[in-house]
Structure formats: structure tokens, C-alpha cells
Amino acid sequence: MTQWLNRFTLGAAGITVLTLTACLSPTANQHSTFTRADYRQLERLLQQGEWQAADRETLVQMLAVADRQKQGWLSAQAIATFPCEDFATINRIWQQYSDRRFGFSIQKRIWEAVGGKPGIYDRQIALKLGERVGWQKNGQWQSYNHLTFTANAPVGHLPATTGNGVSGGVWGGVATMAGRVKACATVFDRLPNVLQKKAEKVVQQHQTALRAG
């Protein structure tokens, strides 16, 4: 979406690409409708390629939405009731800035590809997923600081802290996340179209302002 918007703005006299892009960024000045969560910092970090900081920011935001800051980790129940709009928004931001290499929906696909069922934890499947996404090497789960925080990390490698994959799936990890992606499927499919319409509305508003002088 961002590339399309950039090309669109080139024909808008009097407005620089940088300024209009900031206005049209899918998450700029935007909060979750249900929780008022603010994902602008997450988007900024991903734009700048700060993958580890973005991963930690993802957990911070999810803990705030789930009201689990004191616990410092996400429970299966917290994910089962996590607002679909927030979940889909975080996923879309990760996909957008990783060229669709990272995100919850990608991890769900990999979980299924190695034989897992969304929402159902299986230790053997978790081991296969760990090997596939690079959280595990030679049968050992990697510590968080030894993960690969670059754009070239294995597909599905990030986000890591939210899926709790590096711990071996203590509470279900990606299996639990995959179950929520499946439950929120209609929102995951709908959200990009909603954001596109909002972006187009902003374009129209800017054009009107230009014509008005």
C-alpha cells in the first residue's frame, strides 16, 4: 500500500512525498478502535530496521492491551480473548515492513505446514517449527539474545517474544497464536481494505485542501 501511495502523491502539486506519506501511513496517528492502543512506535522501529526493538515493542503493546504488564508474559487465555483488530493490525505492520516474511499469520502457516493444528499444542510439532523458523539449532532452543534480528532471518522468525517460541512453548506459544489467527480470520482478511479506504479518504481531503488554496 505504501508504494502505491507514494506514486500517487507524485502528481499532487504542492505536497511533498515525505509529508503526504506520513499522513497516509496505515498506522500513523491511528489507534485501535477498541483498546486505543498506539502502534506508531512499532511502525517507526520496523521502518528503521530496528527488529529487536520492534519485537520488544510488540510484546509491550500486547501486554498493555491484555492488561498483563505485571505478569510480563501472555497467557493462553489472554491470547484467546485478544481483540482481533489489534491482533490483525500488529500482524499487518510486521508483514508490511518485512516483505511478508514475518508476522503471526506467517507463523500460523508454518505451524500448519509442519503438521500442527491451530490452537493445539504439540511438543513434537513445536520442535519442528523451532527448527524451521530458526528458534532452535541442533535440538536446543536458542536464547533470546542469540536470535537473528535482521531482515534476512528465516521466514517466521519474528515476532519471537510474543510467541514464546524460544522457551520451547511453555504455554502453547505459536500454537495458541495460530488459534487466534484462525479465530480472527475475517478481521485479518478485512483490515487491509478498511485501511485502504481510510488512506483514500485522506488523499481526497488533501486534494480538497489544495483546490481551496
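In terms of modelled atom types and a separation under 3.5 Å, the side chain of Gln107 and the main chain of Pro159 share a donor-acceptor contact. The closest donor-acceptor contact from the side chain of Arg101 to the backbone of Ala151 lies under 3.5 Å. Thr148 places no side-chain N or O within 3.5 Å of a backbone atom of Thr150 that could act as its donor or acceptor partner. Under the 3.5 Å distance criterion, the side-chain polar atoms of Trp111 are left unmatched by any main-chain donor or acceptor of Val174. Of the possible donor and acceptor atoms, one in the side chain of Arg180 sits under 3.5 Å from a partner among the backbone N and O of Ala80.
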Steps toward side chain to side chain contact (heavy atoms under 4.5 Å, CB included) verdict (Leu127, Arg123)
CA-CA 6 Å; Leu127 294 174; Arg123 182 176 180 277; 3.7 Å; yes
Trace of the side chain to side chain contact (heavy atoms under 4.5 Å, CB included) decision for Ser98 with Trp51
CA-CA 10 Å; Ser98 68; Trp51 300 101; 4.1 Å; yes
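Gln41 and Arg44 are linked by a side-chain donor-acceptor pair at a separation below 3.5 angstrom, with hydrogens and angles left out of the test.
Annotation for Pro118 and Lys108: closest pair CG-CE, 4.2 Å, computed over non-hydrogen atoms. The nearest pair of heavy atoms linking Leu46 to Ala54 is CD2-CB, 3.5 Å. Heavy-atom minimum distance, Gln52 versus Tyr144: NE2-CE2, 3.4 Å. When every heavy atom of Ala160 is checked against every heavy atom of Leu147, the shortest pair comes out as CB-CD1, 3.5 Å.
When the side chains of ILVMFWY residues are joined at heavy-atom separations under 4.5 Å, either directly or via intervening members, Val60 and Leu42 end up in two distinct hydrophobic clusters. Both Trp94 and Ile106 are part of a single hydrophobic cluster, where members link through side-chain heavy atoms under 4.5 Å apart. Under the 4.5 Å side-chain contact rule for hydrophobic residues, Tyr97 and Val133 share a cluster. Tracing side-chain contacts under 4.5 Å through hydrophobic residues (I, L, V, M, F, W, Y), one never reaches Val65 starting from Leu45; they form parts of separate clusters.
A 4.5 Å side-chain heavy-atom check between Gln77 and Thr81 finds at least one atom pair inside the cut-off. Counting heavy atoms from C-beta on, the side chains of Cys84 and Phe188 never come closer than 4.5 Å. Lys128 places none of its side-chain heavy atoms less than 4.5 Å from the side chain of Arg132.
For the pairing with Trp135, the side chain to side chain contact (heavy atoms under 4.5 Å, CB included) check across Gln142, His157, His146 returns one residue only, His157.
Using cut-offs of 30° and 60° for the angle between ring planes, the Phe104 and Phe87 rings count as parallel.
To the nearest 0.5 Å, the span separating CG on Leu129 from CG on Asp122 amounts to 11.5 Å. For the atom pair OG (Ser105) and CZ (Arg92), the distance works out to 11.5 Å, reported to the nearest 0.5 Å. The CD atom of Gln61 sits 15.5 Å away from atom CZ of Arg56, with the distance rounded to the nearest 0.5 Å. The line from CD of Glu57 to CD1 of Ile90 is 9.5 Å long, rounded to the nearest 0.5 Å. The CG atom of Leu63 sits 5.0 Å away from the CG atom of Leu74 when rounded to the nearest 0.5 Å. Phe102 contributes atom CZ, which lies 11.5 Å from atom CD of Gln95 (distance to the nearest 0.5 angstrom).
Atom CD of Gln140 sits in a sparse spot, with 12 or fewer heavy atoms from other residues, nucleotides or ligands closer than 6.0 Å.
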